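Only one structure is covered here, and it is reproduced in the block below.
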Amino acid sequence: MRTVAITTLGCKVNQYDSEAIAAQFRKAGFEVVPFEDVADVYVINTCTVTQMGDKKSRQFIRRAHSRNPDALIVAAGCYAQASPSEVAALPGVCVVSGTYERGRIVQAVLNFERSSRPCRLDVDGAEADRTGLEQRSVAPEVLVRETRSFGAFEELPAEGWAERTRAYVKIEDGCENFCSYCKVPYVRGPVRSRDPLRICREIELLASLGYREVVLTGIDLGAYGRDFGGSPDLAEILEAAAKVEGIARVRLSSVDPTDVTERLINVMADCGGVCPHLHIPLQSGSGRVLSLMNRRYTVSEYEDIVSMARERIADLAVTTDVIVGFPGEDEEDFLATCDVCKRSKFSRMHVFQYSRRKGTVASRLPGQVPRAEKARRSAKLIALGGELSLGFHRQLLGRSMSVLVEQADNEGFEGLTGNYVRVYAVGSAFPGDMVDVCISEADEGFVRGSIEEVT
């Protein structure tokens, strides 16, 4: 049996896409093996959100080629969409697939396999390897299309996850926000929403396979339904997902502040099984910087949304993304961000140093912040995030929390609460169990406790 190894860089949507690609290879008779193995085919699902994403994508392609110079390499995803010629020139690459028509990947690999295989480089070919000019008898097949020519949502369901308790369900693709720092709209195309019946069928399938939690995800999740004229919207899909028999929890991935509507909050508050967790990107606590970023909300609007959600949703955890070192951000702007984070009492913060991306508006802005200063601000904000996480976790001390068990052994188990807190507990349980845990210790990254009852 031929083997395929797949690795994923970037977001949860990319993880879903990789699982869907894996399902296509399984149907074609391939065995999916760990990326560290010697495989016949390697798929690198790339990311281009930051310069580091580009760099890591190239590194993984070269690593796969080094591990097996005879392997066929597929480069897919956002970096491949943004720079198809650059990616096609990398060693071993036979197929370049962007962010659409991933269903053609397997056939393209089979076609290339029949036509020609990459030649091993001799000593004289070492320089060509480094410059991406590997000698082939057949050029790589490039499946990349212009984003403006993308059709409807690409139906390519994932059919299995390594983690057997939680699964992601992609319900939307594309973004039209055009934040000034971001390349995503240029590589993912316009908003495309998935048919609601297909969403529910996939969730029903996952329930039948034993999954207890599903996470609804998308590139711009809150935009779901916009291309349908606004109905159904994200709130309606969330409500429908929560009603699927056998699913204990439904969780949302990232939702932009402007899409956290009163109706969405009410569904989260009133529907049993919806996790009390919202990931709402802040990006900056400075109104001036938000305007430069082309974010479509003010600081006060953001804080009002968080307050409204906390008033309605019991035990709500709010997590966020923050960018430091955006062009023109000065110390006053940075301190304003720190203040908003403190007031918002985030349970977890993802801190990113601004990455200059060619072709974006922000790359041409004056006042680019030096790397050392970005690192200083990042370290300070990460430390603040740790303090806020610890404070949130301490609020759980002495309380009984429902935990979905993910891993277990003879000494205990670990899992997540509905409000996205990592729990390590003593007691007997199995993956997929929902158990009540009394919280006795709190740390920045997790809490500890002991089992009370298996339900």
Side-chain angles (χ1 to χ4, degrees), residues 8-14 17 44-62 75-90 93 96-102 131-132 140 142-151 154 172-192 218-221 223 226 254 256 281 283-284 288-296 321-329 350-371 373-374 378:
T8 309
L9 294 93
C11 63
K12 297 295 190 295
V13 173
N14 256 16
D17 291 342
I44 294 86
N45 200 359
T46 64
C47 175
T48 194
V49 168
T50 64
Q51 290 179 356
M52 185 57 69
D54 290 357
K55 181 179 178 180
K56 286 186 175 179
S57 298
R58 292 190 295 268
Q59 288 175 339
F60 274 102
I61 290 169
R62 291 192 172 100
C78 292
Y79 175 47
Q81 178 73 37
S83 306
S85 298
E86 182 177 307
V87 171
L90 292 170
V93 173
V96 181
S97 172
T99 59
Y100 200 66
E101 294 189 323
R102 272 70 55 93
T131 58
V142 178
L143 306 177
V144 176
R145 286 172 52 176
E146 291 288 336
T147 55
R148 62 176 176 267
S149 72
F150 286 3
E154 183 177 22
E172 183 274 342
D173 208 336
C175 179
E176 299 166 12
N177 291 330
F178 291 97
C179 298
S180 66
Y181 52 82
C182 188
K183 291 184 71 172
V184 168
Y186 304 100
V187 296
R188 282 285 180 174
V191 169
R192 282 116 48 218
I219 293 297
D220 184 11
L221 184 64
R226 200 172 290 167
S254 180
D256 252 23
Q283 307 303 16
S284 176
R288 187 179 70 85
V289 174
L290 284 177
S291 179
L292 289 171
M293 288 178 166
N294 196 33
R295 300 289 289 175
R296 300 172 187 184
D321 298 330
V322 182
I323 296 172
V324 297
F326 187 81
E329 181 191 68
H350 300 285
V351 180
F352 302 89
Q353 297 180 40
Y354 167 73
S355 180
R356 196 172 189 174
R357 309 304 290 130
K358 184 179 180 181
T360 62
V361 172
S363 69
R364 302 188 295 273
L365 290 177
Q368 297 289 328
V369 178
R371 183 178 301 177
E373 180 59 22
K374 287 192 284 189
S378 175

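Residue numbers run from 1 in the order of the sequence given. No experiment lies behind these values; they were computed from the predicted model shown. These values consider heavy atoms only, across backbone and side chains, with no hydrogens, waters or symmetry-generated copies.
Arg58 has its side chain within reach of Tyr79: a pair of non-hydrogen atoms, C-beta onward, lies under 4.5 Å apart. Looking at heavy atoms from C-beta onward, Asp17 lies in side-chain contact with Asn45 at the 4.5 angstrom threshold. Looking at heavy atoms from C-beta onward, Val49 lies out of side-chain contact with Cys182 at the 4.5 angstrom threshold. At least one side-chain heavy atom of Pro185 sits less than 4.5 Å from a side-chain heavy atom of Cys175.
When the options Asp173, Thr99, Asp220 are evaluated for a side-chain hydrogen bond (donor to acceptor under 3.5 Å, both in side chains) with Arg188, the one that passes is Asp173.
Counting only distance, with no hydrogens or angles, the side chain of Ser180 and the backbone of Val361 share no donor-acceptor pair below 3.5 Å. Judged purely by atom type and a 3.5 angstrom limit, Gln283 has no side-chain atom pairing as donor or acceptor with the backbone of Met293.
Applying the salt bridge (Lys or Arg N to Asp or Glu O under 4.0 Å) test to residues at least two apart or on different chains, the pairs with a partner in residues 351-367 are Asp54-Arg357.
Here the CZ-OH distance, from Arg371 to Tyr354, works out to 13.5 Å after rounding to the nearest 0.5 Å. Leu9 CG to Lys56 NZ: the interatomic distance, rounded to the nearest 0.5 Å, is 7.0 Å. To the nearest 0.5 Å, atoms CD (Gln353) and CD (Gln51) are separated by 11.5 Å. The distance from atom NZ of Lys183 to atom OG1 of Thr360, rounded to the nearest 0.5 Å, is 8.0 Å. Taken to the nearest 0.5 Å, the CD atom of Glu101 stands 7.5 Å off from the OG atom of Ser149. Atoms CD1 and OG, on Ile44 and Ser57 in that order, are 9.0 Å from each other to the nearest 0.5 Å.
Of all the heavy atoms in Ile219 and Cys11, the pair that sits closest is CD1-SG, 4.4 Å. Contact record, Val144 with Ser97: CG2-C, 4.2 Å, taken as the closest heavy-atom pair.
Residues forming a salt bridge (Lys or Arg N to Asp or Glu O under 4.0 Å) with Glu172 (at least two apart in sequence, or on another chain): none.
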Item to complete: Check step by step if side-chain contact (heavy atoms from CB on, under 4.5 Å) holds for Arg295 and Ser284.
Response: CA-CA 9 Å; Arg295 300 289 289 175; Ser284 176; over 6 Å; no
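In this structure, Phe150 and Tyr100 have parallel ring planes: the angle between them is below the 30° cut-off, well short of the 60° mark.
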